[in-house]
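Lettering follows sequence order; numbering is per chain, from 1.
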Protein chains: 2
Amino acid sequence: MVAGASGDRAAEDLTARARIRDAALRLFAERGIDGASIRDIAAEAGVSSGLVRHHFGSKEALRDACDSYAMDRLDEIRGELFREGHINSGFMIETHPAVMRLQRYLARSMMDGSDRATAMFDRNLRLGEEWIAQQGITVTDPRAYMGVMMVMQMGLFTMHEQLSRVLGADVRETEGYVRMARGLVDFYSHALLSPEIAAELHATLERLQHGSPTGGARHTARPKEYDDDRGDPR
Amino acid sequence: MVAGASGDRAAEDLTARARIRDAALRLFAERGIDGASIRDIAAEAGVSSGLVRHHFGSKEALRDACDSYAMDRLDEIRGELFREGHINSGFMIETHPAVMRLQRYLARSMMDGSDRATAMFDRNLRLGEEWIAQQGITVTDPRAYMGVMMVMQMGLFTMHEQLSRVLGADVRETEGYVRMARGLVDFYSHALLSPEIAAELHATLERLQHGSPTGGARHTARPKEYDDDRGDPR
DNA sequence: CGACGGGCTACACGTGTGTATAGTGTGCTG
DNA sequence: CAGCACACTATACACACGTGTAGCCCGTCG
């Protein structure tokens with residue numbers, strides 16, 4: 001069970017090194033990598049800032065250790081939840097409270113530029129594409145479909161504070177989680193766009209793609225003004 | 001048209017003050033509020049760092065000015081797009097390239113703790129709830145449904161760099177935008193969960209909500225360990 | 001018992017930050 | 001022309017940051 005996996009690491013987690021890593025995971029996720037200082041993390045873990053360096057060498061190495069730990073734990077917990085059959089849908093596993101803390105850290109780490117987390121994202125994207133093919137789901141652009149779905153799901157993690165606030169309960173605790181999960185199930189089980197409107201939108205996009213005279217500007221060129229209008233779809 | 005609104009401000013935007021604001025919008029969105037220094041912004045705008053302070057008083061005031069500007073421009077552009085009828089669905093307006101840059105900034109600003117952006121989020125959430133009621137859409141928990149949808153949509157903005165990377169084209173330019181929009185339309189027009197599975201998940205959540213013995217821990221209490229398992233749904 | 005090694009702390013250093021202030025040039029007004 | 005308001009720059013200050021180093025405490029082993 002999930003508690004077992006945590007228990008396996010209980011002895012190790014009593015060490016200062018583990019306390020530092022846990023504090024780092026929490027603060028990095030909350031404030032971002034740059035936003036959480038080594039001194040903050042040390043204070044959170046109840047040790048001196050020098051000890052952080054002693055155990056991990058540098059802030060970047062500490063972040064790497066957090067990345068590795070989060071990814072490993074994530075795989076373990078996902079495996080356990082899957083084996084126990086606690087969750088009926090793969091989509092829901094990703095928002096399981098125990099998983100969510102780690103997902104939240106990884107999302108933030110990727111946002112702040114982690115190669116490891118980015119690689120994991122890419123791997124999951126490929127797995128998702130394969131899954132789509134296996135399920136026989138027919139979409140216009142499998143990669144775009146899966147990419148959009150994944151980054152949107154990540155909004156649940158990066159914006160989890162805002163979500164918890166409007167729901168009136170922390171989504172990492174049972175009460176808030178249940179509310180969020182209900183919204184999520186409703187969201188995934190209702191098609192908001194009718195086939196007619198969807199077809200209409202696809203036609204519009206088709207026109208935009210081929211008829212647009214604005215294709216000259218590439219993303220490598222940085223615009224001088226922020227709100228330039230080269231994307232005007234007329 | 002959209003270009004008109006930009007044109008109206010063209011003269012004003014030639015001023016150093018406007019260049020600073022535009023540079024701040026860009027760098028704040030890219031690196032976060034703390035990640036973009038006043039000196040960076042000044043260099044990006046081609047002025048001295050002192051001038052930033054002269055025009056805006058403080059970094060916090062500069063950020064406030066950016067919040068206000070982004071929100072005002074967003075309202076203008078949304079209004080224009082709506083009046084011109086360029087977009088067939090309200091969902092798509094939010095991902096229009098011209099809107100996306102501003103949305104991206106506001107999402108990041110809210111993530112980094114902006115009261116103004118948070119207030120706008122709350123306002124849009126209320127509007128969304130009203131819209132759900134008007135449309136006669138029946139969901140288990142309208143607020144949770146709308147909240148989940150909004151934070152997920154925000155993932156498109158906060159993770160737009162990753163999305164652009166896997167799509168091979170900047171989603172703020174036409175090519176990448178079209179790919180993203182196609183994925184989005186597919187996502188919104190297909191129900192991934194069948195009614196049966198959705199009912200099953202709702203039943204599981206019902207059981208979890210009432211039968212869980214783990215409700216003692218509240219989000220006000222900060223756990224000592226990061227990966228505690230109080231959220232175990234057994 | 002004495003030496004050793006690792007967990008751990010205290011403190012110093014250089015850098016980049018937001019902020020503050022003094023000063024420069026320039027165009028407009030009386 | 002004198003004076004002044006304004007956009008703008010240069011420089012300084014205090015502070016927090018990541019990093020580096022010296023040393024303390026204490027259990028272990030020869």
**Study point:** Atom-to-atom span, CD1 of B:I41 to P of C:dT17 - whole angstrom
**Key:** 11 Å
Exercise for review: Remember a base hit wins even if backbone is also touched, and classify A:S48 as base, sugar-phosphate or nothing at under 4.0 Å, heavy atoms.
Suggested key: base
Point to revise | d(CD1, A:I38; P, C:dT15) in whole Å | key: 18 Å
Check your understanding: Expressed in angstrom and rounded to an integer, what is the separation of B:K59 atom NZ from C:dG18 atom C1'?
Key -> 8 Å
Practice item. Between A:R39 and A:G46, name the one whose nearest nucleotide on DNA chain C is closer to the 5' end. Key: A:G46
Point to revise | Value in whole Å for how far the P atom of C:dG16 lies from CG of A:D34 | key: 14 Å
Check your understanding: Is the B:F187 ring parallel, tilted or perpendicular to the A:Y188 ring (thresholds 30°, 60°)?
Key -> perpendicular
Practice item. Calculate the interatomic distance between B:H54 atom NE2 and C:dT19 atom C1'; express it in whole Å. Key: 16 Å
Point to revise | Residue that, paired with B:F28, satisfies side-chain contact (heavy atoms from CB on, under 4.5 Å) out of B:I41, B:D67, B:D34, B:D112 | key: B:I41
Practice item. For A:L51, answer base if it contacts any base atom (sugar-phosphate contacts may also be present), sugar-phosphate if it contacts only those atoms, and nothing otherwise; contact means non-hydrogen atoms under 4.0 Å. Key: base
Practice item. Select base, sugar-phosphate, or nothing to describe what B:S49 touches, counting heavy atoms under 4.0 Å on all strands. Key: nothing
Check your understanding: Counting heavy atoms not belonging to A:D75, are there more than 12 under 6.0 Å from its CG?
Key -> yes
Review point. Should B:E44 and B:R19 count as an ion pair when the cut-off is N to O under 4.0 Å?
Key: no
**Study point:** Where chain B begins and ends its contact with DNA chain D, read 5' to 3' at 4.0 Å from heavy atoms
**Key:** D:dA7 to D:dA12
Review point. Could you give the distance from CZ (A:R73) to OH (A:Y69), rounded to the nearest 0.5 Å?
Key: 5.0 Å
**Study point:** Inter-residue atom distance A:Q162.CD - B:T118.OG1, 0.5 Å rounding
**Key:** 4.5 Å
Practice item. Rounded off to whole Å, could you give me the CZ-to-C1' distance for the B:R31 and C:dT17 pair? Key: 14 Å
Exercise for review: Grab the CZ-C1' distance between A:R53 and C:dT9 for me, whole Å please.
Suggested key: 15 Å
Check your understanding: Considering all heavy atoms of both residues, which atom of B:A29 and which atom of B:R104 are nearest to each other, and what is their separation?
Key -> O-NH2, 3.3 Å
